[in-house]
Structures are given as C-alpha cells and as structure tokens.
Amino acid sequence: MTRVLMLVAASVAIATAVSAVEAPDLPADLKINQIQVLGTHNSYHAAVDPHILTMMDAKLPSMGKIVGSLPEAARRQFLIDHPNDVTFSQALDYSHPSLTEQLDLGVRGLEIDVNPDPVGGAYGDPAAYRILRAQGVADLLPFDPATVAAPGLKVLHMPDVDFRSTCPTFRSCIAEIRAWSDRHRGHVPIFVMVEAKVKSFPILPGSKPAPPFTPETYDEIDHTILEGFPRERIITPDDVRGNYPTLEAAVLAGAWPSLAQSRGKVMFLLMTATGHDGAAAYLIGHPGLKGRVAFMDSQPGQAHAAFILDDNAVARGPEIRDEVKRGYFVRTRSDIETYEARVNDMSRATATFASGGQIVSTDYEKPGASPGGNYVVSLPTGFAARCNPLSAPNCGR
C-alpha cells in the first residue's frame with residue numbers, strides 16, 4: 001500500500017508540475033496573440049571562448065564609441081538597437097543551456113540564427129581559433145568541425161568569432177524541438193524565431209565571406225522545417241489568412257487561432273538584423289507569404305504584416321503597445337547585450353512585459369546565469385504563458 005501511495009503521489013506531482021508550466025487555467029478560446037510567453041535571445045548560443053573576447057576587445061571599440069562617430073539619423077537607430085555602452089566582450093558574454101532544458105523551464109519563444117552552407121564546411125575552420133593556435137593558445141573551448149561539415153544551414157552567431165552552438169545545424173535544432181514537442185503534446189505553442197544571417201562581416205585576418213543568402217536558401221529554411229514537423233503541427237500564414245484578402249487584413253480582424261487550437265504546435269517567425277525588409281527575398285514567388293511556412297518581420301501597412309520585431313520597449317513602448325492592441329504579434333527584449341544583468345536592473349524587463357509584446361526574450365532565463373548571479377527573467381505568473389496585459393487584460397478574471 002505504501003508503494004502504491006508513493007506512486008500515486010509521484011504521478012500527481014508530475015501532472016501538477018506539467019500542468020502548472022503549461023498554464024491550463026488560460027481560457028481555451030484565447031487567441032495566441034492574446035497571450036505572452038518568455039523567450040530567449042540567440043537560444044542556441046554557447047559561451048564564446050574568453051581568448052576570443054579579449055582579442056576582439058583589442059580590435060573593436062565599445063558601443064558608446066561607435067555611436068559617437070555616426071551621423072544623427074544613424075545614431076538614433078543605433079541607440080534603439082544598442083542602447084548601452086558595452087564592450088564587445090560584454091555583449092557576447094552569455095550562454096544558454098540546451099533547447100530542451102529551456103523548454104523544460106517554460107521558455108516558449110526560441111531564436112535560431114541560420115547561415116547558408118550549400119556545399120558544406122564553410123564554418124569548420126574559424127579564423128579566431130586559427131589565430132589563437134598560431135599564438136600557442138591550447139586551452140580553447142571545444143569546437144568540433146565535424147558537426148558543421150555536411151551541406152545545410154548552420155546555426156551560429158558570427159562566423160570566425162562567435163561560432164559555438166548547442167545545436168550547430170538548423171536540422172538538429174528543429175529535431176530537438178520536435179522531440180520535446182512529441183513528449184509534451186499539450187504544450188503552449190512554441191514560437192521559433194529564425195534569423196536569416198544575410199550579412200557577414202569578415203573582421204579577422206584570414207576571414208572569408210560567408211556563402212550568400214539566396215532565394216534558394218529561403219526555400220531551404222522551409223524545407224528543413226517541413227522535414228522536421230508535419231504540416232498540421234505548424235501554424236502558417238495561410239492558416240491565419242484564411243479567406244481574407246491579405247494576411248494583414250486577417251490579423252487586424254483578429255483571425256489568429258485560439259490557444260486550444262494551437263497547443264502542441266509550433267509557429268516560425270523569420271527576421272534579419274538588417275531591418276523589417278531584410279528578408280524580402282522570402283516573398284519571391286510567395287506574395288503576401290502565400291505558401292510559406294514562416295511569418296516574416298514586417299511593418300503595419302504591408303500585405304504580409306503579422307509579426308513585428310520591435311526589441312526596445314523602453315524607447316518604443318508606445319509603438320509596441322499600439323502594435324499589440326491592433327493585433328500584430330511582437331517580439332521584444334527584456335535585456336540587451338548583457339547590460340541589465342551586469343547592473344541588476346529590472347526596469348527594461350518591467351517595461352517589456354508591460355508593453356504587451358507577445359514574446360519577451362532574455363539572455364537570463366535561468367537563475368545563476370547572469371554575471372552577478374542575481375538577474376533572472378521569468379513570466380510574472382511563473383507559467384509558460386499568461387494573459388496578455390494589453391490584448392487580453394481581463395482574461396481569467
């Protein structure tokens with residue numbers, strides 16, 4: 001009897017833990033743009049070798065020095081994207097656990113950077129490690145070229161400098177997400193942001209330009225996703241558009257699927273670091289994203305407008321609140337380039353949650369990961385999702 005009671009208690013505890021993470025108390029008819037989830041920035045990111053950080057600080061100025069040399073219009077935009085004066089090493093001094101562990105923690109917004117590699121091996125001999133080994137440095141952090149040898153999209157932040165990843169290929173990242181999703185079929189939908197690395201900046205001796213992004217590369221993104229997930233488990237632009245003339249018309253009419261319809265599914269959001277139209281080639285042959293797998297970073301007024309990347313809720317809080325109230329899906333950030341974690345300042349996180357951005361991304365989803373060990377970001381409820389404070393302020397009451 002004691003053993004039976006122990007098994008029952010364990011089962012109840014496990015069920016309670018799972019249901020608590022997945023926030024089952026949210027109304028089933030709540031639309032997915034009426035929830036808010038925690039996301040991570042560069043979710044695949046493994047630690048950069050300290051020797052590289054030191055080397056790059058000697059080569060590159062801090063953000064404050066860069067902004068001081070820019071013309072006024074460029075300076076304003078730079079300060080939105082890079083609001084704090086941090087060094088190169090500080091900006092890159094963060095890492096995440098595996099995608100699996102993040103999902104177990106309740107993260108439902110992931111960000112994956114994809115880099116073209118149609119032939120294979122384009123990222124297997126990083127210039128920074130080549131330079132450091134020539135200088136006699138032997139205690140470098142592990143990097144296995146074999147993991148990036150085959151053709152296919154690679155997952156890394158900056159070729160030759162910031163190249164270590166917990167899932168080094170897009171295919172392996174998708175497979176890991178799929179495996180977790182299969183084990184948790186009632187989960188809050190997972191929103192996967194895919195950053196197309198459309199520009200590379202060779203900044204070290206011996207660096208080579210990365211292979212270019214082409215229309216075929218965008219097709220490869222879709223094909224890789226569809227190899228990993230069955231179509232019926234993906235929320236696509238066509239699903240939201242329905243019979244509306246444009247995707248934006250559907251979004252403004254509130255045609256997003258409900259949370260109940262979306263549990264156990266994934267939604268992909270394509271973006272670049274070069275502005276809202278940086279991935280415009282994704283529209284070639286697919287006007288308004290017809291037939292495409294991913295939504296695309298956009299601006300109000302565009303036929304494909306549904307997802308908006310608007311990362312600075314301190315500088316652009318009114319704009320984000322307006323976007324959310326109108327029905328768009330917004331990603332914004334609770335901390336930028338490690339600054340807030342270094343000074344243990346939660347004001348940006350507070351403003352970001354209050355903005356209503358549906359995905360609030362952080363580099364510090366896990367206790368103890370910040371430079372001082374005290375800065376950690378989580379949804380105020382502690383669950384995997386909550387009612388959106390802007391688009392669903394009265395739900396659950």
Side-chain angles (χ1 to χ4, degrees), residues 33 35-45 63 67 76-86 88 90-96 99 102 105-113 157-158 162 190-197 269-276 278 295 297-299 307-324 328-366 369-371 375-380 384-386 388-390:
N33 68 317
I35 64 173
Q36 190 174 60
V37 303
L38 183 70
T40 50
H41 160 252
N42 290 348
S43 309
Y44 59 88
H45 195 262
M63 297 298 177
V67 74
R76 287 197 299 269
Q77 184 58 51
F78 188 91
L79 285 173
I80 291 174
D81 298 335
H82 310 279
N84 305 301
D85 185 14
V86 295
F88 184 91
Q90 289 173 334
L92 296 185
D93 188 19
Y94 65 96
S95 62
H96 293 289
L99 303 185
Q102 292 176 56
L105 288 169
V107 169
R108 294 294 177 268
L110 299 172
E111 182 181 346
I112 309 295
D113 290 355
H157 188 217
M158 296 174 64
D162 187 0
I190 303 168
F191 305 100
V192 183
M193 293 156 283
V194 179
E195 182 178 332
K197 304 296 278 190
L269 308 163
L270 181 67
M271 61 190 193
T272 72
T274 57
H276 295 296
F295 296 80
D297 184 18
S298 58
Q299 300 178 78
F307 163 58
I308 300 175
L309 188 69
D310 214 341
D311 278 344
N312 191 332
V314 173
R316 289 184 52 80
E319 290 86 352
I320 294 173
R321 288 190 288 273
D322 179 66
E323 291 158 1
V324 171
Y328 300 104
F329 203 96
V330 180
R331 194 293 286 270
T332 188
R333 290 175 65 180
S334 61
D335 39 87
I336 299 178
E337 295 169 338
T338 78
Y339 175 82
E340 287 76 16
R342 292 179 184 281
V343 297
N344 199 27
D345 180 3
M346 295 298 296
S347 60
R348 182 177 297 280
T350 300
T352 303
F353 282 119
S355 75
Q358 286 88 351
I359 305 173
V360 175
S361 289
T362 181
D363 283 324
Y364 301 102
E365 71 282 9
K366 186 177 180 180
S370 66
Y375 182 91
V376 61
V377 177
S378 62
L379 281 180
R386 70 164 180 166
N388 191 291
L390 265 290

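Position 1 is the first residue of the sequence, and the numbers go up from there. Small disclaimer: the values here were computed from a predicted structure and weren't measured. All values below come from the heavy atoms of this structure, side chains included, with hydrogens, waters and symmetry mates left out.
- Between atom CG of residue N312 and atom CG of residue L79 there is a gap of 9.5 Å, rounded to the nearest 0.5 Å.
- In this structure the side chain of V37 never reaches within 4.5 angstrom of the side chain of Q358, judged on heavy atoms.
- Of the possible donor and acceptor atoms, one in the side chain of E111 sits under 3.5 Å from a partner among the backbone N and O of N42.
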Worked check of side chain to side chain contact (heavy atoms under 4.5 Å, CB included) between R108 and I35:
CA-CA 11 Å; R108 294 294 177 268; I35 64 173; over 6 Å; no

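- The pair E323-R316 meets the salt-bridge criterion, since a charged nitrogen lies less than 4.0 angstrom from a carboxylate oxygen.
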R386 and F353: side chain to side chain contact (heavy atoms under 4.5 Å, CB included), yes or no, with the steps?
CA-CA 11 Å; R386 70 164 180 166; F353 282 119; 3.7 Å; yes

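- With a 4.5 Å cut-off on side-chain heavy atoms, E340 and S334 do not count as touching.
- Between H45 and Y94, the ring planes are parallel. Angles under 30° get that label, and only those over 60° would be called perpendicular.
- Residues G356 and P389 come closest through the heavy atom pair CA-CG, 4.3 Å.
- Among all heavy-atom pairs drawn from R348 and A313, the shortest one is NH1-N, 4.4 Å.
- No donor-acceptor pair under 3.5 Å is formed between the side chain of N33 and the backbone N or O of F329.
- For the residue pair T40 and E365, no side-chain donor N or O sits within less than 3.5 Å of a side-chain acceptor on the partner.
- L269 is listed as a side-chain neighbour of I359, based on a closest heavy-atom distance under 4.5 Å.
- Side-chain contact between D81 and D311 is absent, with no heavy-atom pair separated by less than 4.5 Å.
- Taking both residues in full, the closest heavy atoms of T352 and Q36 are given as O-NE2, 4.1 Å, listed atom of the first, atom of the second, then distance.
- Residues A351 and V314 approach most closely at CB-CG2, 4.3 Å, considering heavy atoms.
- Closest approach of I320 to S355, counting heavy atoms only: CG2-OG, 3.6 Å.
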List the steps, then state whether side chain to side chain contact (heavy atoms under 4.5 Å, CB included) holds for V343 with Y375.
CA-CA 9 Å; V343 297; Y375 182 91; over 6 Å; no

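- Among all heavy-atom pairs drawn from V377 and A349, the shortest one is CG2-CB, 4.5 Å.
- When side chains are defined from C-beta on, L99 counts as touching S43, because their heavy atoms get closer than 4.5 Å.
- Rounding to the nearest 0.5 angstrom, the gap separating the NE2 atom in H157 from the CD atom in E195 is 6.5 Å.
- Residues D297 and F307 form a side-chain contact, since some pair of their non-hydrogen atoms from C-beta on lies under 4.5 Å apart.
- To the nearest 0.5 Å, atoms NE2 (H41) and CD1 (I336) are separated by 9.0 Å.
- To the nearest 0.5 Å, atoms CG (N84) and CD (Q90) are separated by 10.0 Å.
- Using a 4.5 Å heavy-atom threshold, the side chains of S298 and I308 count as touching.
- Here the OH-CG distance, from Y364 to D335, works out to 6.5 Å after rounding to the nearest 0.5 Å.
- Inter-residue side-chain proximity for H82 and V67 is flagged as unmet; no heavy-atom pair is nearer than 4.5 Å.
- In this structure, CG on D310 lies 11.0 Å from CZ on R321, to the nearest 0.5 angstrom.
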